[in-house]
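Written below as structure tokens is the structure these notes are about.
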Amino acid sequence: GLFLDDLPNDGGPRMPVDYFFRSLAEARAERAVAILLSGTGSDGSLGLREVKAAGGLAIVQTPETAEYDGMPLNAIATGVIDLVLNIEAMADAIFRYSRHPYVNDESAETLDEAAPDEFRAIINLLRAKTDYDFRSYKKGTLSRRIQRRMSLNHVGSAAGYLEILHNDPEEASRLFRDMLIGVTRFFRDPESWQVLREQAVAKIVADSNSAHDTVRVWVPGCATGEEAFTLAMLFSDEMSRQARRRTVQIFATDLDPESIDTARAGLYPASAVADVSSDRLKEYFNVRDDRFAIKKELRDMTVFAVQNVIGDPPFSNLDMISCRNAMIYLEPDVQKKMVEMFHFVLRDGGYLFLGSSESPGRTRNLFETVSSASVGNGTRPEKAAEPIRTCIRAGDRPGRGQILSWPAARLSRHPEWRAHRQYRRYGAGRAAEQAARGPAEGGCVERAGGRAGAACQAQRPAGCRKDFGGARIG
């Protein structure tokens, strides 16, 4: 059914089409079909992204046939639209989509189970054409993304879609983009951001006894940059509130070069800033025509770079990692390795901020609880209040988000051991930062796939030839 909510009274832009599409995506998933017709402005553009990320179909009217082409053009500019059609052709496209097994097949068997040979061949071909290995992703996620592309190409078999991949050079790129499509926006799940500010950001800013002068934050899987800039706003707000200035470096990375280009531009449509308060809009954005540009203060805090978080060297000596809704697509063993890596590169007492569907899983002993809270979810009767679960020992069902901290006693505090382990295991630790800012100055190639540069010897701290844990690591 349809339910009416009160309009938010935060002074931000009103985006009812985005709000409706977002609700449609949550309720109907792959059965959602969102159509954007003639209109001005950018309302609906972000909602179409959420429909597509949920597995649904995103259709836009051909701008040439629209009385007002603003909304269609802004939606097409997002790069996530499935079909651009005249109104007369939309009914047939929706009918064909609705008849495809991707939408109406109630079988519990996934594509990797129904056609395992073709499934592996598709993943291998995608790797050959995009130079990215998706084998660490959950097979169910991959199957749904492939079946979605099959529905748009009107083929019913994996073998038929494999043939399309061989014959159409652009289809591999489309599938690659569909694999990476995610949902992001400024202050997504605002209650979680409020808890993060109170329980983590405020404490980091207030830490005047820290031995380091720079706050270092990493946002892996940053997509088009909204989350990274949200963190920048929180730190800036908190530094103003405490009248304490600190240098903040936010390293934001993503696998998709086009998303990183968008983030670096820092230019967003009005629909993207609908959840940003009017005070923050005035403080942190400049208006350019009908778009909002990030001001220099926030841009100076953030560095964007293309990175494969699974295989490339991470950043090191971090105060906070915000990794929301990225690990949910990965196999459990890969998730475990990622959390262990996050734990390792965080400073003592550092914070890990996870998404609503993520948890430390089998590595929960590496972190301890910082805070928990309960929040309501509006007035829809089917949405009861659910917790922001930050307790990793008791929480078996994640809620709106998780903030976890690293107990200081978990690993050896020996500075030489820590420094060397970062270089040896992750390719000089700072290799990712150097890649974001410029050429690498050195590092270990042992587990960095040759990406980090010179040998570990050049970066090893003095006295590193000592024995630690019975193993000579010099």
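Just so you know, these numbers use all the heavy atoms, side chains as well, and skip hydrogens, waters and symmetry mates. Predicted model, so just to flag it, every value in this text is computed and none were measured.
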Mind checking whether [X] and [Y] have side chains closer than 4.5 Å, heavy atoms only?
| X | Y | answer |
| --- | --- | --- |
| Leu83 | Val60 | no |
| Gln249 | Val217 | no |
| Pro63 | Ile76 | yes |
| Phe285 | Val276 | yes |
| Val273 | Leu281 | yes |
| Tyr351 | Ile321 | no |
| Thr78 | Thr224 | no |

Give the C-alpha distance, both sets of side-chain angles, the deciding distance and a yes or no for side-chain hydrogen bond (donor to acceptor under 3.5 Å, both in side chains) between Tyr19 and Asp43.
CA-CA 9 Å; Tyr19 191 87; Asp43 193 12; over 6 Å; no
Salt bridge [X]-[Y], side-chain N to carboxylate O under 4.0 Å:
| X | Y | answer |
| --- | --- | --- |
| Glu171 | Arg174 | yes |
| Arg347 | Asp319 | yes |
| Arg22 | Glu26 | no |

Looking at [Y], is its backbone amide N or carbonyl O close enough to the side chain of [X] to form a donor-acceptor pair, meaning the two atoms are under 3.5 Å apart?
| X | Y | result |
| --- | --- | --- |
| Asp254 | Val306 | no |
| Asp18 | Gly44 | yes |
| Asn86 | Glu88 | no |
| Thr230 | Phe187 | yes |

Out of curiosity, [X] [atom1] to [Y] [atom2], how far, rounded to the nearest 0.5 Å?
| X | Y | atom1 | atom2 | value |
| --- | --- | --- | --- | --- |
| Met327 | Phe342 | CE | CZ | 6.0 Å |
| Arg135 | Leu330 | CZ | CG | 14.0 Å |
| Thr40 | Leu73 | OG1 | CG | 12.0 Å |
| Met239 | Thr247 | CE | OG1 | 8.5 Å |

Taking the ring centre of each residue, are Phe353 and Trp193 less than 6.0 Å apart?
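They qualify: ring centres under 6.0 Å apart.
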Hey, do the aromatic rings of Phe304 and Phe251 have their centres closer than 6.0 Å?
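Between Phe304 and Phe251, the centre distance exceeds or equals 6.0 Å.
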Before giving the answer on salt bridge (Lys or Arg N to Asp or Glu O under 4.0 Å), spell out for Glu30 and Arg144 the whole-Å C-alpha distance, their side-chain angles and the decisive distance to 0.1 Å.
CA-CA 9 Å; Glu30 72 276 0; Arg144 288 190 294 273; over 6 Å; no
Given Glu331 and Lys138, is the salt bridge (Lys or Arg N to Asp or Glu O under 4.0 Å) satisfied, shown in steps?
CA-CA 5 Å; Glu331 293 285 4; Lys138 292 178 180 176; over 6 Å; no
List the steps and the verdict of salt bridge (Lys or Arg N to Asp or Glu O under 4.0 Å) for Arg177 and Glu258.
CA-CA 10 Å; Arg177 294 278 294 173; Glu258 293 186 21; 3.5 Å; yes
Name the orientation class of the two ring planes belonging to Tyr329 and Tyr137 (parallel below 30°, tilted from 30 to 60°, perpendicular beyond 60°).
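If you compare the ring of Tyr329 with that of Tyr137, the planes turn out parallel.
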Checking side-chain polar atoms at under 3.5 Å, does Ser259 have a donor or acceptor matched by the opposite partner on Asp256?
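Checked: Ser259/Asp256 side chains pair up, N/O donor to acceptor below 3.5 Å.
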Any donor-acceptor N or O pair under 3.5 Å, side chains Ser236, Glu297:
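The answer is yes; a qualifying pair exists.
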State which residue, out of Arg245, Glu238, Arg246, fulfils the side-chain hydrogen bond (donor to acceptor under 3.5 Å, both in side chains) condition with Gln242.
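Single side-chain hydrogen bond (donor to acceptor under 3.5 Å, both in side chains) partner of Gln242 among Arg245, Glu238, Arg246: Glu238.
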Pick out which of Arg188, Arg280, Arg185 makes a salt bridge (Lys or Arg N to Asp or Glu O under 4.0 Å) with Asp275.
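When Arg188, Arg280, Arg185 are each tested with Asp275, the salt bridge (Lys or Arg N to Asp or Glu O under 4.0 Å) holds only for Arg185.
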Determine the sole option in Met71, Met90, Glu67 for which the side chain to side chain contact (heavy atoms under 4.5 Å, CB included) test with Gln61 is passed.
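Testing Gln61 for a side chain to side chain contact (heavy atoms under 4.5 Å, CB included) against Met71, Met90, Glu67 leaves exactly one candidate, Met90.
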